[in-house]
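These values consider heavy atoms only, across backbone and side chains, with no hydrogens, waters or symmetry-generated copies. Everything numeric in this text was worked out from a predicted model, so none of it was measured.
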There are 2 protein chains.
Amino acid sequence: MGAPSFHAPNADACRARGILDRIGDKWSLFVIAQLGDGTKRFTELKRDIDGISQRMLTVTLRGLERDGIVTRTMYPVMPPRVDYALTDMGRTLLDTVGTLVWWAEAHLAEIDAARASYDARAAQTDAVG
Amino acid sequence: MGAPSFHAPNADACRARGILDRIGDKWSLFVIAQLGDGTKRFTELKRDIDGISQRMLTVTLRGLERDGIVTRTMYPVMPPRVDYALTDMGRTLLDTVGTLVWWAEAHLAEIDAARASYDARAAQTDAVG
DNA sequence: CTGAATCCTCTGAGATACTG
DNA sequence: CAGTATCTCAGAGGATTCAG
């Protein structure tokens, strides 16, 4: 439990938002996860991340590169070749996100149950009311 | 740092997405952070979370309630009164998110530097190219 | 006080076609 | 192969208004 008590005023939530804006979008997490396996090329990423479009892969990679989370290496060869990899900071983020994944796994069933319960209550209220 | 090594294939990223869909939206994190201080009423939350609209506060609270992260307690009095609080699961999430905030604080400067550097390079490329 | 309903705008993101 | 450019659409979210 390295987590500080986090009696967060808005300020703390604000800092976290910056991070969530980065990894909370639709694709960043998948890209980071994929690069956790090691250096990959554009087409490899596109193939391995199911459903991502060229455009979104490009946009996502640009964002991550800008924030110093991935590196982009171009080889001036024909046909072109570009390698992507996590930076050191990117790897620490991978670790941090790991705790979130852990939490998700630990509470998936509980969340599903809560949703089912809530939906059932809502449906009943609808029918009765 | 209990974080497992997280050599995540897509499956792991997928599970985390569910969580990020919940806390990664524009307001959930602020609400959770505020409720970390203890039970609050609708109007208190609206006042304390700068810039949130009634609508988004309602929508956000409903989502969090549905997922079993906050509880909603109505008092049938006049004028109406509704209290919101974190559930036990909500408190564990607060803890988990704490590690993310910690990461954010630890790397804010590095990220800012990376952005500045990237933007500078981009501007230069633009000018020269 | 708490919230539902309506309207409106702006951005995220997919599909497609083109370039070095 | 690795992008960029353009079009388009759906959904998020704000402002405002109405109701219990």
Side-chain angles (χ1 to χ4, degrees), chain A residues 13-14 17-18 20-31 34-35 39-67 70-85 118 121-123 125-126 128-129, chain B residues 13 17-18 20-31 34-35 39-67 70-85 118 121-122 125-126 128-129:
Chain A
C14 251
R17 280 309 322 282
L20 286 171
D21 281 345
R22 171 87 296 126
I23 66 166
D25 66 36
K26 198 172 176 184
W27 298 111
S28 288
L29 198 59
F30 289 98
V31 172
Q34 282 301 319
L35 291 180
T39 299
K40 295 209 175 178
R41 300 180 54 171
F42 187 88
T43 310
E44 284 182 282
L45 288 171
K46 176 150 171 39
R47 174 164 29 78
D48 292 346
I49 301 172
D50 201 65
I52 196 171
S53 63
Q54 291 171 351
R55 180 185 135 80
M56 285 322 294
L57 182 52
T58 300
V59 170
T60 302
L61 284 168
R62 285 284 181 284
L64 293 172
E65 186 199 356
R66 189 171 107 98
D67 284 358
V70 313
T71 58
R72 178 172 182 272
T73 312
M74 270 194 62
Y75 300 93
V77 297
M78 197 53 190
R81 163 176 183 160
V82 182
D83 283 354
Y84 292 92
Y118 181 93
R121 262 199 315 277
T125 302
D126 261 16
V128 173
Chain B
R17 281 307 324 282
L20 286 171
D21 280 345
R22 170 86 294 126
I23 66 166
D25 65 37
K26 198 172 177 185
W27 297 111
S28 288
L29 197 60
F30 289 99
V31 172
Q34 282 301 319
L35 291 180
T39 299
K40 294 208 176 179
R41 301 180 54 173
F42 187 89
T43 310
E44 283 183 281
L45 289 171
K46 175 147 171 43
R47 174 165 30 77
D48 292 345
I49 302 173
D50 202 65
I52 196 170
S53 63
Q54 289 173 349
R55 179 184 137 80
M56 286 321 295
L57 181 52
T58 299
V59 170
T60 301
L61 284 168
R62 284 287 180 280
L64 293 172
E65 187 198 356
R66 188 170 107 97
D67 283 358
V70 312
T71 59
R72 177 172 183 271
T73 311
M74 269 195 62
Y75 299 93
V77 298
M78 197 53 190
R81 163 178 183 161
V82 182
D83 283 355
Y84 292 93
Y118 181 93
R121 261 198 317 275
T125 302
D126 260 17
V128 173

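- Under 4.0 angstrom from either OP1 or OP2 of dG3(C) there lies at least one side-chain N or O belonging to Arg72(B).
- Side-chain proximity of Thr43(A) to the nucleotides dA2(D), dC1(C), dG3(D) is greatest for dA2(D).
- Within the nucleic acid shown, Tyr75(B) has no heavy atom closer than 4.0 Å to any nucleic acid atom.
- Checked against dG3(C), dG3(D), dG20(C), the side chain of Arg62(B) finds its nearest nucleotide in dG3(C).
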Could you pull out every donor-acceptor pair under 3.5 Å between side chains of residues 42-53 of chain A and any protein atom, sequence neighbours left out?
from, atom 1, to, atom 2, distance (Å)
Glu44(A), OE1, Arg41(A), N, 2.8
Lys46(A), NZ, Ile52(A), O, 3.2
Asp48(A), OD2, Lys40(A), NZ, 2.9
Ser53(A), OG, Met56(A), N, 3.2

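- Summarising the geometry, the separation between NZ on Lys40(A) and P on dA2(D) is reported as 13 Å, rounded to the nearest angstrom.
- Under the rule for a side chain to side chain contact (heavy atoms under 4.5 Å, CB included), the partners of Arg62(A) that lie at least two apart in sequence or sit in another chain are Thr58(A), Glu65(A), Arg72(A), Tyr84(A), Tyr118(B).
- Residues meeting the salt bridge (charged side-chain N to carboxylate O under 4.0 Å, His left out) test with Arg55(A), sequence neighbours left out: none.
- Look at Tyr84(B) and you won't find any side-chain N or O under 4.0 angstrom from OP1 or OP2 of dC1(C).
- Arg81(B) has its CZ atom 12 Å from the P atom of dC1(C), to the nearest Å.
- Looking at residues two or more places apart in sequence or on another chain, you find no salt bridge (charged side-chain N to carboxylate O under 4.0 Å, His left out) involving Asp25(A).
- Atom-to-atom, CG of Leu57(A) to P of dA2(D) comes out at 10 Å; the value is rounded to the nearest Å.
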Checklist entry - What string of B, S and - do you get for nucleotides 10-17 of chain D, 5' to 3', when a contact is any protein heavy atom under 4.0 Å? => result ---BBB-B
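- Here the straight-line distance linking atom OG1 of Thr60(B) with atom CG of Leu29(B) works out to 11.0 Å at 0.5 Å rounding.
- Per the geometry, CG belonging to Leu61(A) stands 11 Å off C1' belonging to dG3(D), to the nearest Å.
- Atom CD1 of Ile49(A) is separated from atom C1' of dG14(C) by 16 Å (rounded to the nearest Å).
- Between Val70(A) and Leu61(A), the shortest heavy-atom contact is CG2-O, 4.0 Å.
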